[in-house]
Protein chains: 2
Amino acid sequence: MRMSEGVEWGLHCCVTLGWLDDRAPVSIRRLALWFDLPQEYLKKRLQALARAGILTSAPGVRGGWSLARPPEKITVMEVVAALEDGLDLFCCTEVRQKGAGGEGAAPSEFAKPCGISSVMRRAELAWRRELASHTVADLMERSPQGAERTRRNYLRMTG
Amino acid sequence: MRMSEGVEWGLHCCVTLGWLDDRAPVSIRRLALWFDLPQEYLKKRLQALARAGILTSAPGVRGGWSLARPPEKITVMEVVAALEDGLDLFCCTEVRQKGAGGEGAAPSEFAKPCGISSVMRRAELAWRRELASHTVADLMERSPQGAERTRRNYLRMTG
DNA sequence: GGGTCAGTACTCGGATATTGCATGTCCGAGTGTCCTCGG
DNA sequence: CCGAGGACACTCGGACATGCAATATCCGAGTACTGACCC
């Protein structure tokens, strides 16, 4: 179980778009060049972020991508959820009810989720809570050097 | 990103083996029948748990599987780690260093992990901590009805 | 000068490989238990 | 009655097939800006 690589890409794009806010929108070609990523696939991932209301895209020759909201209003959790289809880490298949082990049980016994499922859900909530407690703005602030370098390099790139 | 189904199987097997402690070892055939799972693949997953020192297997006609340790000494985290190859949820590929965006940076800038990686790691730690705080014994205690039904059904199965 | 029109550089969404991992199956070899049979 | 040996029911580990989701690429259509051209 590993997270999709697109999550890392998406988060870096969000942070970079935040840093380049005054220069937005940024075209997909430049973003792909920026991180040395496959352009078409990156575009697909960013489209997912647009569907989630995190990014917006502008068509046309001066078009490109920019944050749909101020970065302090975008949590890391939102980005992860948008890029992972909001799926749960753990998916209980109610194994306990199947086969010989589940025979002869009172129906009420399965009304509540099983202990395993509960523990998993608690752990997942802790994970989500942590992710939700950080925003793109937090990430931007964590690396002032990165912000500066980004602006400098982007200036050089666009001439 | 979804957890392998084998994790659910493994945990249910551990709990069931805990409940049936006095009747262990339990053969893979019975376990597979018990949960209506593919026998060969289940075996593979249990072998992984054996490698991690969580289960032991006994060969021979009265052989089968049993817990390698008392259930209060087996955390849910251990089972998950054993079945997921201990891989991290998030794997930083250092995208920030690649492409045009990373050019002209001081080497010292990349000495520390990037903010994204840090946030992910914190979240993952919260998840792990939660999983490590529960043991198989906890899970066993959560469902006294399940314990009783298991013993009853197993008795019927083995005659 | 201002309106029209084509060109350009982007976007989108859908369709289609390719890849890798989770899932699932099969087989040969090894080992402990039980049963049988001969002494 | 007891010990040797074979049958059996399990185990292990590796090899192989399948399915699906992540990754990657391509294409046709739409849209906004730019510049040229014409009235």
Side-chain angles (χ1 to χ4, degrees), chain A residues 1-10 13 17 23-33 35-53 55-66 68 80 82-91 93 95 158-159, chain B residues 1-10 13 17 23-33 35-53 55-66 68 80 82-91 93 95 158-159:
Chain A
M1 158 202 47
R2 183 122 100 259
M3 247 169 90
S4 155
E5 217 174 332
V7 171
E8 186 183 1
W9 304 355
C13 284
L17 287 175
R23 303 222 145 221
V26 177
S27 80
I28 190 68
R29 193 169 55 79
R30 287 202 177 121
L31 278 173
L33 238 56
F35 293 119
D36 194 20
L37 297 175
Q39 171 175 335
E40 293 299 318
Y41 187 51
L42 176 63
K43 187 182 65 175
K44 234 184 163 55
R45 283 9 312 278
L46 296 193
Q47 284 172 2
L49 289 178
R51 274 193 298 274
L55 298 184
T56 53
S57 65
V61 63
R62 292 256 172 229
W65 298 82
S66 42
V80 171
L83 290 172
E84 292 285 348
D85 292 329
L87 286 175
D88 289 342
L89 288 186
F90 180 82
C91 170
T93 61
V95 147
T158 57
Chain B
M1 160 201 45
R2 182 122 99 259
M3 247 169 89
S4 156
E5 216 174 329
V7 172
E8 187 183 2
W9 304 355
C13 284
L17 288 175
R23 302 222 147 223
V26 177
S27 79
I28 190 68
R29 193 169 55 79
R30 286 202 177 122
L31 278 173
L33 238 57
F35 294 120
D36 194 20
L37 296 175
Q39 171 175 335
E40 291 300 318
Y41 187 49
L42 177 63
K43 187 182 65 175
K44 233 183 164 54
R45 282 10 309 279
L46 295 194
Q47 284 173 1
L49 289 178
R51 274 192 298 275
L55 298 185
T56 52
S57 64
V61 64
R62 292 260 171 224
W65 298 83
S66 43
V80 171
L83 290 172
E84 292 285 347
D85 292 329
L87 286 175
D88 289 343
L89 288 186
F90 180 81
C91 168
T93 62
V95 147
T158 58

Please check: side-chain N/O of Q39(A) versus main-chain N/O of A32(A), any donor-acceptor pairing under 3.5 Å?
no
More 5' along DNA chain D: G60(A) or L42(A), using each one's nearest nucleotide?
L42(A)
Pairwise distance CG(L31(A)) to CG(L42(A)) - rounded to 0.5 angstrom
6.0 Å
For W65(A) and dT11(C), give me the distance from atom CH2 to atom P, rounded to whole Å.
7 Å
Spacing of SG belonging to C13(A) relative to CG belonging to L37(A), to within rounding of 0.5 Å:
7.0 Å
Working to the nearest 0.5 angstrom, can you tell me the gap between F90(A) CZ and E5(B) CD?
9.0 Å
Would you list the protein and nucleotides 18-23 of chain C atom pairs, both N or O, that sit under 3.5 Å from each other?
unit_1	atom_1	unit_2	atom_2	d
dT23(C)	OP1	E5(B)	N	2.8
dT23(C)	OP2	S4(B)	OG	2.5
dT23(C)	OP2	Y41(B)	OH	3.1

Considering only heavy side-chain atoms of E40(B), the closest of dC27(C), dG32(C), dG13(C) is dC27(C)
With DNA chain C as reference, determine whether R51(A) or R62(A) sits nearer its 5' end, using the nearest nucleotide of each.
R62(A)
So which heavy atom on W65(A) is nearest to which on L46(A), and how close?
CZ3-O, 3.6 Å
In the 5' to 3' direction, the nucleotides of DNA chain D bounding the stretch that comes under 4.0 Å of a heavy atom in chain B are dA9(D) to dA22(D)
Which is true for A58(B) with a 4.0 Å heavy-atom rule: it touches a base, it touches only sugar-phosphate, or it touches nothing?
sugar-phosphate
Is E84(A) reaching over with its side chain to a backbone N or O of S4(A), donor-acceptor style, under 3.5 angstrom?
yes
Distance in Å, R2(B) CZ paired with D85(A) CG, rounded so as to fall on 0.5 Å steps
10.0 Å
How many whole angstroms separate atom NZ of K43(A) from atom P of dT11(C)?
7 Å
Value rounded to 0.5 Å, distance of CH2 in W9(A) from OG1 in T93(B)
8.0 Å
